[in-house]
Amino acid sequence: MYSTSEKLFERAKKSIPGGVNSPARTFDSVGGTPVFFEKGKGAVLTDSDGNDYIDYVGSWGPMIMGHAWPPVVHAVEQYAQCSTSFGSPTEIEVDMAELVKSMVPNVDRIRMVNSGTEATMSAIRVARGYTGRDKIIKFEGCYHGHGDSFLIKAGSGALTLGEPSSPGVTEGTAKDTLVAQFNELESVQELFENNEDEIAAVIVEPVAGNMGCIPPADGFLEGLRSLCDDHNSILIFDEVMTGFRVHPGGAQKRYGVDADLITYGKIIGGGMPVGAFGGKEDVMSVVSPDGPVYQGGTLSGNPVAMAAGATLLRELHKHPKHYEDLEEKAQHLIEGLERVFSEHDIPHHINHVGSMLGVFFTDREVNDFKSASSTDQEFFKKFFHGMLEHGVYLPPSPFESWFLSTAHSESQLDKTIKAAEETVADIAQS
Ligand SMILES: *Cc1c(COP(=O)(O)O)cnc(C)c1O
């Protein structure tokens, strides 16, 4: 059934580390061979063997309107005709910046980069340059890309592979990253007290999405805001996943808390390699060439990538009803899954914020790294492979969020619930 993927993976392993260009793609935590895909349309993916799947990875976030959404495809074709890159300013970059500003009122200036990783790396450099301090606070299980400073107790691929901290990060770098517990303000307060006048920034995923989906507890984001205010530190919301996903204005708008710097990725590129960081004029004024904090990129603001991202953002900006639609779809899927799991006495806990879902096989509430790690990983493996056989493509790790798109139809959601039913029944029999 997967013979072409298996052959491709054998080939890939000979030339690419682990056969993949990003560790989150491996099947190491579930076993088996990663599926090689050939095309996607709406909510459906087709692999190299011609098998179809209903997709809940959505390229890890960008595909909020589904795969190969015609306006994005058209924009890419149109812009590519006029050259794929200039390395000089283009109008679409200005359009993109204005568009983000209109969606996120506390962004006065925004700089485009090529990935979420670049966005977060640049944001902490700006925070350090602005405050003249070195240390940052991050949260255990939060993932901010593969920048050295963030590979300390990180989530996503790092967590899946059981290496939340990476060799190759120098001691000097590691000592400037302090780690607090998500949803636990006291742990942040303690770090501030023990490092008086040394904390440049607190960086957080306002909705944690890289240890499954974990919403912020009531008052958590507000608490971070006031701690940063009290200690003259910069609050960075890493909205690479939540930006334009949980609300047209991102998590800031959804929860009514403003950060000083915000990072974007994923949706902002419409599936092309794009990231961005932005914030208030005051903080962003230190960015070169206005200010002394250097940051640049040959392909940053690439016109084809901007065209794809801006097309997607315009749609989300113009039609906020998409978010109600996504919420309804999420509710429908969750109700169905909960019914199936309950009927089969499977311990489960499903978190969601809009179209971001965290499906945990555990009997406890999941609100931090510790509880996210309490899930039944063996059960997840079986569930994952059962769903795959039934034509449902889930993220190949218990620590990743599932994503819905506007393209997921009710019948596809029902098919997914039925697949879960059959999978769970099969597991019970085996
Ligand atoms: C995906 C992700 C990143 C990294 O983005 P890349 O484009 O993979 O470099 C950073 N932060 C968060 C919250 C993410 O989800």
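Read the numbers this way: they start at 1 and go in the same order the structure lists the ligands and their atoms.
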| request: Keeping the roles fixed (side chain from His319, backbone from Lys321), state whether a donor-acceptor pair exists under 3.5 Å. | output: no
So the salt bridge (charged side-chain N to carboxylate O under 4.0 Å, His left out) pairs with at least one residue in residues 245-267 (sequence neighbours excluded) are Arg225-Asp260
If we only count heavy atoms from C-beta on, is the Lys370 to Ser373 side-chain gap below 4.5 Å?
no
Validation: residues 114-129 side-chain donor-acceptor distances under 3.5 Å, sequence neighbours left out:
residue: Asn114; atom: ND2; partner: Glu118; partner atom: OE2; Å: 3.2
residue: Asn114; atom: ND2; partner: Ser300; partner atom: OG; Å: 3.4
residue: Ser115; atom: OG; partner: Thr117; partner atom: N; Å: 3.4
residue: Ser115; atom: OG; partner: Glu118; partner atom: N; Å: 3.1
residue: Thr117; atom: OG1; partner: His146; partner atom: N; Å: 3.2
residue: Glu118; atom: OE2; partner: Asn114; partner atom: N; Å: 3.4
residue: Thr120; atom: OG1; partner: Gly116; partner atom: O; Å: 3.4
residue: Thr120; atom: OG1; partner: Thr117; partner atom: O; Å: 3.0
residue: Thr120; atom: OG1; partner: His144; partner atom: O; Å: 2.7
residue: Ser122; atom: OG; partner: Glu118; partner atom: O; Å: 2.6
residue: Arg125; atom: NH1; partner: Tyr294; partner atom: O; Å: 2.9
residue: Arg128; atom: NE; partner: Asp134; partner atom: O; Å: 2.7
residue: Arg128; atom: NH2; partner: Asp134; partner atom: O; Å: 2.9

Ordered by chain then number, the protein residues lying under 4.0 Å from ligand 1 by heavy atom are Ser115, Gly116, Thr117, Tyr143, His144, Gly145, Glu205, Asn210, Asp238, Val240, Met241, Lys266
Contacts of Phe37 meeting ring-ring contact (aromatic ring centres under 6.0 Å, His included) (sequence neighbours excluded), chain-then-number -> Tyr53, Tyr393
Q) Just by modelled atom types, is the Met306 backbone N or O under 3.5 Å from a matching donor or acceptor in the Glu93 side chain? A) no
